[in-house]
Q: 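This is the structure I have questions about; it appears just below.
We number each residue from 1, following the sequence as shown.
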Amino acid sequence: MAIEISKQRHPGHITERGATHAVVDANNAERSRALPSSDVPAGHRTVRHLPARRAGESLDVYTRRYYRELLLEAAKADPAVALCKGEKMSADAHACFRGSLGVLRELILDRYPRIAPPVAKNAALAARDIERSQRMTVLGNNDLHVYNYGVTLGLVDGKRRPVFGATDVDETAPVPFACDLVHDGVSRVLEARVLGLNEKKAVEALVEGYEHTLVRIAKDPARAAVPLTKNNAPEGPVRELLAKAEKADQPRWLARQIHADTGLFRTSLFDDAHVHCPEQRKAVQQSLELWLQGLPQGAARPLAVEVADTIYRRFAGTASVDRLRLQASVRLTLADGIQSRHILEIKEERPATYRPTETLQECARRAAVNARLLQPGGDPLLGDTLLGRVPTLVRERNAYEVDIDRDDLDKRSRFRDYAQVCGTSLALQHAAQHPGPTARRLLDSIEREDLGGRLEDFVSESTRELGDYFEQRAYPLFCEVFAELRGELERKSKTAATIV
């Protein structure tokens, strides 16, 4: 039967035509859930784009409306997930910041327009500043924060090994280099305040790591091809993460997730956050066959994919907690004929904050292509596809993924050291495509003071000001909105659970 997206807003994400039904887990029926719905038609923009700021609308009024629409849209898919999103973002100012990319966009456009991505700027301003913009623009991340770095597999001396760097690729696009530094720096300011650490030292370390790495790349462009590994990372939290990843045992990790003979997920995994949904296997099989066709040609491209089982992930992430996220246990046939089992994650693409005219399908394709440019030798299975009519990104999950958390950064020296290594990682990413020329161009921009002064002073001043807004205005506004909507969300969540 044809696969389509349920027109009901309550759980029922991928359904057979004419039926929205709960997914029954034969092994654990009392934990069964229906999948959340989505009205995302292929090739068309969705109502789930970030709320646009209205002409003459003050930043505070926009921020309140942004948060309200954010929670209400999440509730249309799954009220329990909307509650989870509210709980996560109301935990502290930094958690709120992580789910507030649209608010940060408006702040930057209001107060620091010269570092806004070109597509978001006023056309007349961009025309006046075109020469400066050309010096400053790189292929950037656009969504950096303290916990958006981690360990993944990358190419080192022709072999795939754990490397450290930014891990979220959804927002990648051309951007003035300072935009990434400011995004990252605001996050460090807010997290330092939550942890009671020195925010100024952390931001200075971030900029220092970035500038020093550009200088080294300008002198020796080959350095840009050397990612951060356990062998070259400085002592501190990042080297510890890499050492942990080096010790990972992929076969053992996989055996804890799935049965080796059948590929079925182990029932011990199933709970409210990991919902068994075997009925989605056919839809996922069709989706991954389309994904396979879009992967780049090469030895790493599988010849065939066979889906054995699927689970639905709930409550994962902060900004993306309301996005559909499935995991599939698959058997891949590789170019040499060898078959091996893998776990792939299929995640619904989100609207691009700085590229509002893109369709979700264009967002997914851009993210996949740019990730391969920014992470040479990274996940060879990273690609995009359609799940039913929902644009998604596909990536491999494995034992080598290790993320930083708060407990790793609770001391002043570790917080500062981590910021410096992240600055190094960001410079490597910005210079990845054309190392020598890019590094020299960015250093020329810094020397010319295109930002109106010294880079360190600009980033310190701007991140403090933007951090103040999030702590003193945006975070309290979110808490007010969540308090107003909480009762409604709880009622909807209980009603949805009763229906299921």
Q: Any chance the side chains of Asp271 and His274 put a donor and an acceptor closer than 3.5 Å?
A: yes
Q: Verify salt bridge (Lys or Arg N to Asp or Glu O under 4.0 Å) between Glu358 and Arg355, making sure each step is shown before the conclusion.
A: CA-CA 6 Å; Glu358 281 189 342; Arg355 304 176 77 86; 3.0 Å; yes
Q: I would like to know whether Asp417 and Lys201 meet salt bridge (Lys or Arg N to Asp or Glu O under 4.0 Å); could you show each step before the answer?
A: CA-CA 10 Å; Asp417 293 347; Lys201 293 289 186 184; over 6 Å; no
Q: Without hydrogens or angle criteria, can the side chains of Asp450 and Ser445 be said to hold a donor-acceptor pair below 3.5 Å?
A: yes
Q: Verify whether the ring centers belonging to Tyr112 and Phe458 lie closer than 6.0 Å.
A: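 Ring centres of Phe458 and Tyr112 closer than 6.0 Å.
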Q: In terms of side-chain geometry, is the basic nitrogen of Asp410 or Arg406 positioned less than 4.0 Å from the acidic oxygen of its partner?
A: no
Q: Which word best sums up how the rings of His145 and His94 line up, parallel for under 30°, tilted for 30 to 60°, or perpendicular for over 60°?
A: perpendicular
Q: Between Glu401 and Arg397, does any side-chain N to carboxylate O distance fall below 4.0 Å?
A: yes
Q: Does a side chain donor of either Tyr469 or Thr63 reach within less than 3.5 Å of an acceptor in the other side chain?
A: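 The criterion, which ignores hydrogens and geometry beyond distance, is satisfied for Thr63 and Tyr469.
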Q: Quick check against the 3.5 Å criterion: does Asp468 have a side-chain atom that pairs as donor or acceptor with the backbone of Phe470?
A: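 Looks like no, no N/O pair under 3.5 Å.
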Q: State, without any angle test, whether Thr310 and Gln327 hold a side-chain donor-acceptor pair at a distance under 3.5 Å.
A: no
Q: Checking Ser320 against Arg325: is there a side-chain donor and acceptor pair closer than 3.5 Å?
A: yes
Q: Indicate whether any N or O donor in one side chain lies under 3.5 Å from an N or O acceptor in the other, for Thr392 and Thr385.
A: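 Note: Thr392 and Thr385 side chains miss the donor-acceptor criterion.
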Q: Among side-chain atoms of Tyr312 and Gln280, is any donor-acceptor pair under 3.5 angstrom?
A: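 Looking only at side-chain atoms, Gln280 and Tyr312 do not form any donor-acceptor pair under 3.5 Å.
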Q: Would you call the rings of Phe177 and Tyr210 parallel, tilted or perpendicular if under 30° counts as parallel and over 60° as perpendicular?
A: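 It falls in the parallel class, under 30°.
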Q: Using distance alone, with no hydrogens and no angle criterion, decide if Ser90 and Tyr475 have a side-chain donor and acceptor under 3.5 Å apart.
A: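 Result is no, nothing qualifies.
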Q: Scan side-chain atoms only and decide if Asp184 and Tyr149 contain a donor-acceptor pair under the 3.5 Å cut-off.
A: yes
Q: Using 4.0 Å as the upper bound for N to carboxylate O, is an ion pair formed by Glu240 and Lys244?
A: no
